[in-house]
Amino acid sequence: MNKVFKALADPTRRKVLELLRQRPMTAGELSEHFQVSKPTMSAHFSVLREADLIDAHKQGTTITYRLKLSVLEEALLGFSQAFGIGAAAPAEETDTPGKGTQS
């Protein structure tokens with residue numbers, strides 16, 4: 001899970017994931033959204049692949065990336081559970097006088 005959080009720590013990589021939520025995109029299409037060099041984008045893609053957040057499909061010289069949403073969801077769920085975020089609220093007692101009914 002540390003690899004996932006390392007990947008999510010960078011705003012460029014978070015933006016890549018956001019773009020891939022819309023649809024699979026080629027490396028070139030993704031790179032158009034950033035003002036960084038191709039080697040820098042390649043490094044970002046590598047971190048995202050190592051974290052298993054994206055899939056890469058190569059056809060000829062074109063690489064198309066796709067978001068692996070299930071991995072991201074699992075990481076976020078684990079994170080939220082670790083910190084008690086989104087945990088179910090304790091059930092209210094129904095036999096407490098004055099609660100739930102008006103006299």
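If you're wondering where the values come from, they're calculated on a predicted model, not measured in any experiment.
- Closest approach of Ile54 to Leu67, counting heavy atoms only: CG2-CA, 4.4 Å.
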Tell me, with the steps shown, if Phe45 and Val16 meet side chain to side chain contact (heavy atoms under 4.5 Å, CB included). CA-CA 9 Å; Phe45 297 145; Val16 167; 4.2 Å; yes
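- Nearest approach of Lys6 to Arg13, heavy atoms of both residues: O-NH2, 3.2 Å.
- Interatomic distance, Leu17 CG to Asp10 CG, rounded to the nearest 0.5 Å: 10.5 Å.
- Note: Arg66 CZ to Leu20 CG = 10.0 Å, rounded to the nearest 0.5 Å.
- Here the side chain of Ser31 pairs a donor or acceptor atom with the backbone of Ala27 at under 3.5 angstrom.
- Once rounded to the nearest 0.5 Å, the distance linking OG1 of Thr64 with CG of Leu30 reads 9.5 Å.
- Heavy atoms only, all atoms of each residue included: Arg14 and Leu8 are closest at NH1-O, 2.8 Å.
- Within the structure, the salt bridge (charged side-chain N to carboxylate O under 4.0 Å, His left out) test picks out the following pairs touching residues 18-34 (sequence neighbours left out): Lys15-Glu18, Arg23-Glu29.
- Within a 6.0 Å radius of NZ in Lys68, other residues, nucleotides and ligands contribute more than 12 heavy atoms.
- In this structure the side chain of Arg49 reaches within 4.5 angstrom of the side chain of Tyr65, judged on heavy atoms.
- Under the 4.5 Å side-chain contact rule for hydrophobic residues, Leu69 and Val47 do not share a cluster.
- Between Ala7 and Leu48, the closest heavy-atom pair is CB-CD2, 4.0 Å.
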